[in-house]
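The structure under discussion appears below in the form of structure tokens.
Every chain is numbered from 1, with letters handed out A, B, ... down the list of sequences.
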Amino acid sequence: MQGRTRVKEALTALSAGADMNVKGWVRTVRVGKEVTFIALNDGSCMGNLQVVAGPDIANYEDVCGLGTGAAVAVRGKLVESPASGQKYELQASEIEVIGLADETYPLQKKRHSFEYLRTIAHLRPRSNTFGAVFRVRSSLSQAVHRFFGERGFLCVHTPIITANDCEGAGEMFRVTTLNMAGPPLLDGEVDYSADFFGQATGLTVSGQLEGELFALAFSDIYTFGPTFRAENSNTPRHAAEFWMIEPEMAFADLMADAALAEEFLRYLCRHVLDQCREDLEFFNQHMDPGLIARIEVVADASFAMMEYGEAVERLQAAPRKFEFPVEWGLDLQTEHERYLTEEVVGGPVFIVNYPKEIKAFYMRQNDDNRTVAAMDLLVPKVGEIIGGSQREERFDLLLERMAEVGIDPQGLRWYIDSRRWGSCPHAGFGLGFERLIMYLTGMENIRDVIPFPRTPRHAEF
RNA sequence: UCCCCAGUAGCUCAGUCGGUAGAGCGGGUGGCUGUUAACCACCAUGUCCGUGGUUCGAGUCCGCGCUGGGGAGCCA
């Protein structure tokens, strides 16, 4: 007998009777005089395989002494379980102890706080919750690529190291090989012309600008990669390193953009409902009792759409007080967004056509001269989950807008060139991957949906 | 960065009016059992975050610092 059978395959076998090898980590051991039970997990699914060992196996004493966390290989026969609680169990004929775990193993067979588990991020994937989180994360990641692949979108890997420092999308991490203790100086300032790239560089805060260039060659593209923000944000929704999905479509306007965002989000909801059911039920039971119902609503509903101007009117007419003022021209706060999606609409809603003063320079100016073709998708419990826009494709207007907000066109010559030759209407959006995972699992802290999260003062592991 | 809350056994927490510290889980030992994060009995657990102060006496009150969490801002 060769190979290794995964716990998931064993538990879902069509019938009992097969001999198999199963390898994994011990979750609990229950020792008896005549028989010992081991709950074995290999990460392939939420459930454990019950291994039954009798005194007849060679190293029965060692097996009885196993602790939570040990790695073992079990050879045995899959049999119908005589007791309730599981359909099958593995009647062991041989148990090899591969890696011991003594009583100092930090994961106990009890509930731990998420705060504590963050301090042992190297071990928490062996817990039920984090097993489920990272199975869902992996499955969603693959679903993202499948969604775009099925629709003919080109996957583009935009650069991680960049010299764009004028996107205004947040503070950048500096990338340098200069000696920090004594950098070369020019007129009292650090001389980046002596640096590795001959100029100041940092980690990307967005792949959008490069993505646009590829959309103007391949029509429909997307990026899915890491993004870095050096903001000192201490909240459950922000990390210094996170993953972002940014599709971009040529010959598309804001409505086409919103249509894609809606199709995309509904596809991903349907995906976890169909493909991650066991893990989702775990979250629904332990984390967020309304989770599955909420995802089902989004998977089936069509999303509402509301003009920014109407949103402001609705907020001003709201029978409740907000902490922050509501007035045409001001940005919507989290409390406003949640009121709109939870109370006014009761489901996902696009807010479109924002005042140009509160949005980025690359968004397309509308004919009213005071709004831009921007959209935010708001969902209950989270607020903004997708932000996108139609881009300003008109050369003169783009330059005009850059001058207004004080961006030096020289640093973005390559971007402006795309409007010089063969420019066309195009649109795209950005979705924070971790926020999607939070939305679809009910996990409430971004640090608990990233394997080894990076936040201010935290880069361990 | 601002505001609020918390820090006590390996983990989760209790600790009253200021009087030298407890429970559950985990661990150890034994018992029992086709068991289900088993059950029963016994045993051991401590820089009460650090620091300075008030006090006869501080886990408890006060100042400062550190760490963690929540809210806000920034945003995805």
Worksheet item: What residues form a side chain to side chain donor-acceptor pair (under 3.5 Å) with A/Glu281, not counting sequence neighbours?
Response: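 For A/Glu281, the residues satisfying side chain to side chain donor-acceptor pair (under 3.5 Å) (neighbours in sequence not counted) are A/Arg277.
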Fill in: Qualifying side-chain hydrogen bond (donor to acceptor under 3.5 Å, both in side chains) pairs with a residue from residues 257-266 of chain A, counting only residues at least two apart or across chains
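Those involving residues 257-266 of chain A are A/Arg151-A/Glu263, A/Glu262-A/Arg266.
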Worksheet entry | Closest nucleotide among B/G70, B/U1, B/C75 to the A/His238 side chain |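 Nearest listed nucleotide: B/C75.
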Worksheet entry | Any-strand Watson-Crick or G-U partner of B/A14, both distances under 3.5 Å |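 Looking at the geometry, B/A14 pairs with no nucleotide.
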Worksheet entry | Nucleotide paired to B/A44 in any strand shown, Watson-Crick or G-U, under 3.5 Å |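 Checking every strand shown, B/A44 finds no partner, since no pair has both distances under 3.5 Å.
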Worksheet item: Is there a donor and acceptor pair closer than 3.5 Å between the side chain of A/Asn234 and the base of B/U1?
Response: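 Counting by modelled atom types and ignoring angles, a donor-acceptor contact under 3.5 Å is found here.
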Worksheet item: How long is the line joining CD1 of A/Ile38 and C1' of B/U35, in whole Å?
Response: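 Computing the A/Ile38:CD1 to B/U35:C1' distance gives 12 Å.
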Discussion item. Tell me the interatomic distance from A/Ile358, atom CD1, to B/C74, atom P, rounded to whole angstroms.
Written reply: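 Atom-to-atom, A/Ile358 to B/C74, this comes out as 11 Å.
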Discussion item. Let's see if you get this right: which residues in residues 80-105 of chain A place a heavy atom under 4.0 Å from RNA chain B?
Written reply: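 Under 4.0 Å from RNA chain B: A/Ser81, A/Pro82, A/Ala83, A/Ser84, A/Gln86, A/Glu89, A/Gln91, A/Glu103.
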Worksheet item: So which of residues 331-357 of chain A are in contact with RNA chain B, with a heavy-atom cut-off of under 4.0 Å?
Response: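 RNA chain B contact set from residues 331-357 of chain A: A/Gln333, A/Thr334.
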Practice prompt. Rounded to the nearest 0.5 Å, what's the gap from CE on A/Met46 to CZ on A/Arg135? Could you check?
Written response: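 The distance works out to 5.0 Å.
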Worksheet entry | Contact letters for nucleotides 38-49 of chain B, in which S counts primed atoms plus P, OP1 and OP2 and B counts the base, heavy atoms under 4.0 Å | S-----------
Worksheet item: Between A/Phe264 and A/Phe148, is a ring pair (Phe, Tyr, Trp, His ring centres under 6.0 Å) present by the stated rule, with each step listed?
Response: CA-CA 9 Å; A/Phe264 183 47; A/Phe148 289 115; 5.0 Å; yes
Taking only nitrogen or oxygen atoms into account, show me every contact under 3.5 Å that the protein makes with nucleotides 9-13 of chain B, one pair per line with its distance.
residue : atom : partner  : partner atom : Å
B/G10   : N2   : A/Gln108 : OE1          : 2.8
B/G10   : N2   : A/Gln108 : NE2          : 3.2
B/G10   : N3   : A/Gln108 : NE2          : 3.1
B/C11   : O2'  : A/Lys110 : NZ           : 3.4
B/C11   : O2'  : A/His112 : ND1          : 3.0
B/C11   : O2   : A/Lys110 : NZ           : 2.4
B/U12   : OP1  : A/Ser113 : OG           : 2.6

Worksheet item: salt bridge (Lys or Arg N to Asp or Glu O under 4.0 Å) between A/Lys23 and A/Asp42: does it pass, once the steps are laid out?
Response: CA-CA 7 Å; A/Lys23 303 182 185 187; A/Asp42 65 359; over 6 Å; no
Worksheet item: Starting at the 5' end of RNA chain B, which residue's closest nucleotide do you reach first, A/His458 or A/Ser233?
Response: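 That would be A/His458.
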Practice prompt. Kindly say if A/Arg237 contacts the phosphate of B/C74, meaning a side-chain N or O under 4.0 Å from OP1 or OP2.
Written response: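 For A/Arg237, the contact criterion (side-chain N or O under 4.0 Å from OP1 or OP2 of B/C74) is not met.
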